[in-house]
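See structure below.
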Amino acid sequence: MSASDAVLTQILSQLQSLQVSQQTLQAKLDAMTITPSSPPLVPVSGGVAISGRETPSTISTPGAQSPSMGSVPLSSSISSVGSASSIEKHMADREREKLLYPQRVILTTYPDQFGVKPFPLTWGASDPSIRGPVICSRLPSSIKQRNAIGAHSGSYSIYRALAIAMGTLSPTHKPDYSKTEPPVPVPPQPSWSHPKKIVSFDPWGHLVPQVFRKEIEELGLDVRPSIAVTKAHMKLSEIDESARKGELTVDGKILLKSRPLMNPDGTLSTADPGVEISVSKAAVEPVWYLPGVAERFGISESLLRRALFEDTGGMYPELITRPDVKIFLPPIGGLTVYIFGPASYLTDESKELTLRVHDECNGSDVFGSDICTCKPYLIYAIEECVRTAQRGGVGVVVYFRKEGRALGEVTKYLVYNLRKRGGDSADKYFKSTELIAGVKDMRFQALMPDVLHWLGITKIHNMVSMSDMKYNAIVESGIPILKRYDIPEYLIPPDSRVEIDAKIAAGYFSSGKQITEADLIKTVGRTWEETEH
Ligand SMILES: Nc1nc2c(ncn2[C@@H]2O[C@H](COP(=O)(O)OP(=O)(O)OP(=O)(O)O)[C@@H](O)[C@H]2O)c(=O)[nH]1
Ligand SMILES: [Zn+2]
């Protein structure tokens, strides 16, 4: 027998035994698994129906063989496998899948299920040991004590899943958090223990390794930070330009002279290297306290849960089956806080505070698209924050990942096409968005002020924004705003006049300009024909 025949025989015999074990496994699973046609439908609150189950049921952990509700066979049939190498690959993947996930799939859990014992968590408690850690891990060490639905890192949880499936990340990797603590203190504030002031993220998120050390190290629970605080130098060509023009002054503290640049031949350049801004910053992931979020939007928790379940494609059945679990880590982007000047001034009302809350506009912020005012407004706000810090105050820019007014970039570009094809006039600006998206804005600014309360801000002297929605949300949350700034005329790119005029007519703040609906027809943007070659 040749070597290749021997390999083929070996593969065929492995395939046969795999088919046999697959049949045996399938038979066992069929006996244990509730098939879609068999279960009685049990109505639960909100009128939704879920599959019935055997009792008592348990959460399987590795090695445990007891049946759990909602179980399904692990993988699809092997009948579709083709060549010898794809058979080997398929078998290797099945082995890895069994090793990674030895238990059968747990589609959902129930509050009264045997083994389910959520770690106690009291949202808004001032003592972290009473507040308790947020645990959403499905690792065997933590799954029974989960007190949160969803996954850490927002949408990036999908990349983590890929890394685990590809074998580049061990699901049980234990991070070493020593030396990762905040270099700039963001200490507990009265607002942290106010049950209604912060509901969209975990105020203890940056202190997790310190305040929940016992839970992580002694109890072996998978508790992860959801906030990180660090320091950085910010370098922007627009700020270099302002410093060159003398509009910003290097003070060696907030605004620093950059180090000399290198020439292509490796020698030091004598060209002006420009400036850098010294900042502290914090990245914050969303962690929703569902009763608080529902209350903020004035809807019932049950309606909120049902809507979240349905419009995430049914991804989180526990939103329905676990009304006892009050925390949800949604698969959305978070926010970044940039602080200019001493962070300790944030809580001191006597220090001047300048704020811009900015929602992501990748096309403008990073790639300089001239159809809107996002980047110029952001740069203007950064300059104002630097000036405030240099006057002895503090500046804050909060950057939210809410692309395209939270409608997403695809919807935004579809609307751009419609506008540019239909004659881009300001009277049609919001109507065009509504025609495609059904609404003009989905940012729902009500959750936005949470970050200001987390920082301990109680008064805003200067607000760099024209948005009435942002202003109202902040003031209604209990933080007064003394002065509002609109974007200076000279910073408005010509093509974005359409956006600004439409916004002013719709109720955005303007210090000088009055615009009525009737005026809007006269404000028109560039057409594609003007730029096509
Ligand atoms: N859907 C849609 N979104 C847009 C358009 N132009 C800008 N945006 C988005 O609108 C948001 C603008 O946010 P901000 O810069 O914070 O501005 P604002 O809330 O309108 O108000 P200001 O604070 O006055 O600037 C970002 O999410 C942008 O991506 C557009 O034409 N269509
Ligand atoms: Zn924009």
Side-chain angles (χ1 to χ4, degrees), residues 332-336 338 354-382 384-385 396-422 424-449 451-452 460 462-475 481 483-489 491-493 495-511 513 515 523 525-526:
I332 57 174
L335 62 91
T336 312
Y338 287 89
T354 295
L355 171 74
R356 168 141 183 92
V357 175
H358 190 90
D359 294 316
E360 177 170 20
C361 178
N362 189 266
S364 168
D365 296 343
V366 181
F367 291 96
S369 164
D370 70 342
I371 200 169
C372 56
T373 53
C374 299
K375 184 177 189 175
Y377 216 174
L378 182 60
I379 299 289
Y380 174 64
I382 291 171
E384 285 300 295
C385 285
V396 180
V397 171
V398 188
Y399 192 85
F400 277 88
R401 302 317 183 298
K402 288 185 189 170
E403 177 58 64
R405 294 201 286 267
L407 306 172
E409 211 170 30
V410 170
T411 301
K412 181 159 124 176
Y413 289 6
L414 293 173
V415 176
Y416 286 162
N417 286 351
L418 175 66
R419 281 173 53 193
K420 292 297 178 188
R421 287 200 173 100
D424 188 16
S425 59
D427 60 314
K428 288 190 256 163
Y429 177 81
F430 283 122
K431 284 183 201 140
S432 305
T433 309
E434 282 180 64
L435 206 62
I436 304 292
V439 286
K440 58 183 178 210
D441 199 317
M442 291 202 303
R443 283 176 287 175
F444 301 108
Q445 299 288 2
L447 299 177
M448 172 270 286
V451 62
L452 310 177
I460 295 159
N462 315 303
M463 172 83 183
V464 186
S465 168
M466 298 163 71
S467 167
D468 51 338
M469 290 167 280
K470 291 178 190 170
Y471 176 85
N472 292 339
I474 293 172
V475 173
I481 294 175
K483 185 177 160 202
R484 297 165 81 179
Y485 285 39
D486 46 2
I487 185 167
E489 285 284 318
L491 287 177
I492 301 175
D495 201 39
S496 61
R497 196 71 258 176
V498 170
E499 178 202 322
I500 283 289
D501 285 2
K503 282 177 167 179
I504 296 172
Y508 272 56
F509 168 78
S510 169
S511 55
K513 215 167 169 185
I515 293 180
T523 308
R526 192 176 57 232

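Each residue takes its place number in the sequence, starting with 1. For ligands, and for the atoms within them, numbers begin at 1 and follow the listed sequence. No hydrogens, no waters, no symmetry mates; every other heavy atom, side chains included, goes into these values.
Counting atoms of ligand 1 from 1 in the listed order, those under 4.0 Å from a heavy atom of Tyr377 are 22 (P), 24 (O), 25 (O).
Which of Lys412, Met469, Glu360, Arg443 comes nearest to atom 19 (O) of ligand 1 through a heavy atom is settled by distance: it is Arg443.
Of all protein heavy atoms, the one closest to atom 16 (O) of ligand 1 is Lys470 NZ, 2.5 Å. Considering only non-hydrogen protein atoms, atom 1 (N) of ligand 1 sits nearest to Gly404 O, 3.2 Å.
Distances from ligand 1 to the non-hydrogen atoms of Tyr429 include at least one value under 4.0 Å. At least one heavy atom of Arg356 sits less than 4.0 Å from an atom of ligand 1. Contact annotation: Leu407 has at least one heavy atom less than 4.0 Å from an atom of ligand 1.
Of the polar atoms of Tyr508, at least one N or O is found under 3.5 Å from an N or O of ligand 1, judged by distance alone. The N/O atoms of Gln445, backbone and side chain alike, include none that comes under 3.5 Å of an N/O atom in ligand 1.
Taking all atoms of both residues into account, the shortest heavy-atom contact from His358 to Asp365 is NE2-OD1, 3.1 Å. Residue Leu491 comes nearest to Pro376 through the heavy atom pair O-CB, 3.4 Å, listed as atom of the first residue, atom of the second, then distance.
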Sequence neighbours left out, cut at 3.5 Å: what donor-acceptor pairs do the side chains of residues 431-440 make with other protein atoms?
from	atom 1	to	atom 2	distance (Å)
Ser432	OG	Lys428	O	2.6
Thr433	OG1	Tyr429	O	3.4

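The side-chain hydrogen bond (donor to acceptor under 3.5 Å, both in side chains) check on Asp495 picks up Lys420, with sequence neighbours excluded. By the side-chain hydrogen bond (donor to acceptor under 3.5 Å, both in side chains) test, Thr336 is found to be paired with Arg401, residues two or more places apart in sequence or in another chain being considered.
Protein N/O/S atoms closer than 2.8 Å to the Zn ion (ligand 2): Cys361 SG, Cys372 SG, Cys374 SG.
The side chain of Arg419, and not its backbone, has at least one atom closer than 4.0 Å to an atom of ligand 1 (non-hydrogen atoms only; side chain from C-beta on). For Phe509, no heavy-atom contact with ligand 1 is shorter than 4.0 Å.
Cation-pi check for Arg484 over Tyr471 is met; the charged atom lies under 6.0 angstrom from the ring centroid and within 45 degrees of its normal.
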